[in-house]
Colleague: 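Sharing a structure, written as structure tokens. Questions coming.
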Amino acid sequence: MHVIEVSGLHKQYGAVTAVQDVSFSVERGEIFGILGPNGAGKTTTVECISGLRTGDRGTVRVLGFDPAVDGEQLRQVVGVQLQEAGLPDRLKVREALEVFAAFYRKTADIDTLLDRLGLTEKADTAYKKLSGGQKQRLAIAIALIGDPQVVILDELTTGLDPHARREVWELVEQIRADSVTVLLVTHFMEEAERLCDRVALIDRGSVVALDTPAGVTQRAGGGQRMRFRPSAPVADEDLRALPSVTSVSRHGAQIEIEGGQDLIQQVTSLLAHRQIIAAELRIEQRTLDDAFLALTTDAQAPDNSPTNQRNGA
Ligand code: ATP
């Protein structure tokens with residue numbers, strides 16, 4: 001049985017189709033990422049999974065439960081950290097955990113949780129006095145207080161500095177080490193590359209890629225790019241004849257070559273054979289960021305609002 005199964009999910013808000021025929025499944029112990037530009041439908045999808053919203057069509061199952069019907073059973077086994085925890089300013093860290101613990105039949109030990117999340121020293125500190133990173137760690141602690149089998153984390157590291165972000169990433173890896181399944185909504189491709197076993201890339205309500213981060217990168221024309229200044233002339237057609245090369249362009253004295261996984265090895269051996277040196281050599285590996293830009297629409301562009309796209313379609 002899949003831990004999470006979403007099939008043909010559809011959600012409409014008036015004229016806006018927020019989620020359109022979304023399907024994916026998540027296995028036990030996976031960190032599964034939901035990625036996409038602003039307004040793509042990520043939060044709506046996750047809210048349908050956590051039972052906060054109900055889809056218009058399609059099926060959602062979490063540990064075999066239907067979130068729309070079995071809300072109470074689901075709340076006992078799914079921990080949710082949503083965007084902006086919004087706790088009262090004066091509530092202390094330990095008190096917050098006690099408040100949330102009261103909702104669950106089975107709970108994690110509060111002291112152990114505080115220790116694990118590096119919050120022991122802040123146990124008696126009011127929420128408003130916590131740093132951004134500490135607030136996020138508390139939000140994760142709240143998601144874990146019911147000793148869940150599935151944890152949903154939405155925009156976990158938004159607004160955190162690189163140190164705090166890395167600390168939070170280590171916590172997420174620890175959660176997975178306990179065989180808890182993690183559903184992670186993120187805007188940060190570096191975060192998805194570092195943490196996620198698989199990702200669903202959502203654009204304008206639909207899944208446009210569903211694979212490992214490396215698989216998505218590959219599908220979007222992943223591969224390598226090299227740029228250098230040759231010490232002696234080399235003809236474009238000789239470079240294009242190499243099996244891995246997909247394009248060759250000139251930028252002044254520099255050559256830029258794009259191609260597949262064996263690009264670097266094939267080009268450098270051709271140059272070595274001709275005793276040509278590649279000066280100012282730069283090599284770039286395509287990243288998930290490149291794939292994101294290639295596969296999704298710029299939500300900020302005026303003609304790309306979901307309503308315009310859908311009405312025009
Ligand atoms: P972001 O990354 O900005 O949080 P998202 O991918 O989570 O975006 P959603 O919040 O699911 O996207 O929104 C998808 C679309 O549905 C957007 O066009 C949004 O404006 C619209 N939408 C979301 N919630 C509502 C609502 N309650 N009423 C009307 N429209 C909504």
Side-chain angles (χ1 to χ4, degrees), residues 31-38 40 156-170 172-173 184 186-203 208-301 304:
I31 301 183
F32 188 88
I34 299 200
L35 320 178
N38 290 125
L156 186 67
T157 59
T158 300
L160 298 189
D161 70 34
H163 290 296
R165 182 169 296 161
R166 272 169 183 73
E167 278 174 22
V168 171
W169 288 350
E170 279 166 25
V172 176
E173 281 170 339
L184 180 77
T186 183
H187 274 126
F188 294 110
M189 296 307 113
E190 192 194 345
E191 179 163 299
E193 254 171 345
R194 156 86 190 256
L195 290 179
C196 296
D197 299 301
R198 287 186 309 130
V199 298
L201 185 54
I202 300 186
D203 187 42
V208 292
L210 179 62
D211 206 335
T212 59
V216 173
T217 308
Q218 195 71 27
R219 187 166 330 165
Q224 297 170 325
R225 182 191 299 142
M226 59 193 298
R227 204 173 164 134
F228 58 90
R229 183 171 51 77
S231 62
V234 53
D236 285 4
E237 49 277 21
D238 293 349
L239 292 165
R240 285 203 186 96
L242 296 170
S244 271
V245 171
T246 53
S247 79
V248 179
S249 55
R250 301 267 171 177
H251 304 270
Q254 296 216 331
I255 304 182
E256 185 173 294
I257 309 172
E258 292 188 332
Q261 289 305 322
D262 297 329
L263 178 81
I264 315 286
Q265 183 243 319
Q266 290 179 4
V267 172
T268 48
S269 64
L270 175 91
L271 296 178
H273 189 68
R274 298 193 183 174
Q275 297 184 321
I276 297 173
I277 292 165
E280 296 158 31
L281 174 64
R282 280 183 55 198
I283 293 172
E284 282 172 30
Q285 190 82 36
R286 288 290 172 101
T287 64
L288 196 56
D289 228 20
D290 296 309
F292 183 93
L293 293 172
L295 294 172
T296 63
T297 324
D298 180 2
Q300 309 305 322
N304 283 336

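As the structure is a prediction and not an experimental result, all values here were calculated from the model.
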Colleague: Which heavy-atom pair separates Leu239 from Val248 by the least distance, and what is that distance?
Modeller: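 Distance-wise, the nearest heavy atoms are CB-CG2, 4.0 Å.
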Colleague: Which distance, rounded to the nearest 0.5 Å, do you find between the CZ of Arg229 and the CD of Glu280?
Modeller: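 Nearest 0.5 Å value for the CZ-CD distance: 4.5 Å.
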Colleague: With sequence neighbours left out, what residues match Glu258 under side chain to side chain contact (heavy atoms under 4.5 Å, CB included)?
Modeller: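 Glu258 satisfies side chain to side chain contact (heavy atoms under 4.5 Å, CB included) with Arg225, Thr246, Ser247, Glu256, Arg286 once adjacent residues are dropped.
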Colleague: Taking all non-hydrogen atoms of both residues into account, name the closest pair between Ala253 and Pro230 and its distance.
Modeller: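 Taking Ala253 first and Pro230 second, the nearest heavy atoms are O-CD, 3.5 Å.
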Colleague: Of the non-hydrogen atoms in Thr157 and Val168, which two are nearest, and what is the gap between them?
Modeller: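 Closest approach of Thr157 to Val168, heavy atoms only: CG2-CG1, 3.8 Å.
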Colleague: If you take all heavy atoms of Ile257 and Ile255, which pair is closest and at what distance?
Modeller: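 Closest heavy-atom pair between Ile257 and Ile255: CG1-CG2, 3.7 Å.
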Colleague: Could you give the distance from CD1 (Ile34) to CG (Leu210), rounded to the nearest 0.5 Å?
Modeller: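 So the gap between those two atoms works out to 10.0 Å.
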Colleague: What pairs of donor and acceptor atoms, side-chain ones from residues 270-277 against any protein atom, are under 3.5 angstrom apart with sequence neighbours left out?
Modeller:
unit_1: Arg274; atom_1: NH1; unit_2: Asp238; atom_2: OD2; d: 2.8
unit_1: Arg274; atom_1: NH2; unit_2: Asp238; atom_2: OD2; d: 3.1

Colleague: If the condition is ring-ring contact (aromatic ring centres under 6.0 Å, His included), which residues does Phe32 pass it with, not counting sequence neighbours?
Modeller: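 So Phe32 forms a ring-ring contact (aromatic ring centres under 6.0 Å, His included) with Phe24.
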Colleague: With heavy-atom distances below 4.5 Å as the criterion, would you say the side chains of Leu35 and Leu288 are in contact?
Modeller: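 Contact flag for Leu35/Leu288 side chains = yes.
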Colleague: Got a second to check how far Met226's CE is from Ile264's CD1, nearest 0.5 Å?
Modeller: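 CD1 of Ile264 is found 5.0 Å from CE of Met226.
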Colleague: Would you please name every residue forming a side chain to side chain donor-acceptor pair (under 3.5 Å) with His251, sequence neighbours left out?
Modeller: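 By the side chain to side chain donor-acceptor pair (under 3.5 Å) rule, His251 matches Ser249.
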Colleague: Compare every heavy atom of Leu201 with every heavy atom of Val216, then report the nearest pair and how far apart it is.
Modeller: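 Nearest heavy atoms, Val216 then Leu201: CG1-CD2, 4.3 Å.
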Colleague: Can you tell me how far the CZ atom of Phe188 sits from the CG atom of Leu156, to the nearest 0.5 Å?
Modeller: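 Rounded to the nearest 0.5 Å, the CZ-CG separation comes to 10.0 Å.
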Colleague: Counting N and O atoms only, with roles assigned by atom type, does the side chain of Glu193 sit under 3.5 Å from a partner on the main chain of Thr287, one being a donor and the other an acceptor?
Modeller: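 Not at all, since once roles are kept as given, no pair shorter than 3.5 Å links the two residues.
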Colleague: Passes side chain to side chain contact (heavy atoms under 4.5 Å, CB included), Leu295 versus Asp203? Steps please.
Modeller: CA-CA 8 Å; Leu295 294 172; Asp203 187 42; over 6 Å; no
Colleague: Evaluate the side-chain proximity of Pro243 to Asp262: yes if any heavy-atom separation is below 4.5 Å, no if none is.
Modeller: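 Of all side-chain heavy-atom pairs linking Pro243 with Asp262, none is under 4.5 Å.
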Colleague: Can you list everything that forms a side chain to side chain donor-acceptor pair (under 3.5 Å) with Arg282? Sequence neighbours excluded, please.
Modeller: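 Here the qualifying residues are Glu284.
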Colleague: Do any N or O atoms from the side chain of Gln266 and from the backbone of Ser244 form a donor-acceptor pair under 3.5 angstrom?
Modeller: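 Yes; judged by distance alone, with no hydrogens or angles, the pair exists.
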Colleague: Let me confirm one number: the CG-CZ distance from Asp211 to Arg198, rounded to the nearest 0.5 Å.
Modeller: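 CZ of Arg198 is found 8.5 Å from CG of Asp211.
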Colleague: Are Glu191 and Leu184 packed together at the side-chain level, in the sense that at least one heavy-atom pair is separated by less than 4.5 angstrom?
Modeller: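 Of all side-chain heavy-atom pairs linking Leu184 with Glu191, at least one is under 4.5 Å.
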Colleague: Could you pull out the closest heavy-atom pair between Ala192 and Pro213, with the gap in Å?
Modeller: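 Residues Ala192 and Pro213, closest heavy atoms: O-CG, 3.8 Å.
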Colleague: For Asp289, what residues pass the side chain to side chain donor-acceptor pair (under 3.5 Å) criterion, not counting sequence neighbours?
Modeller: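 None.
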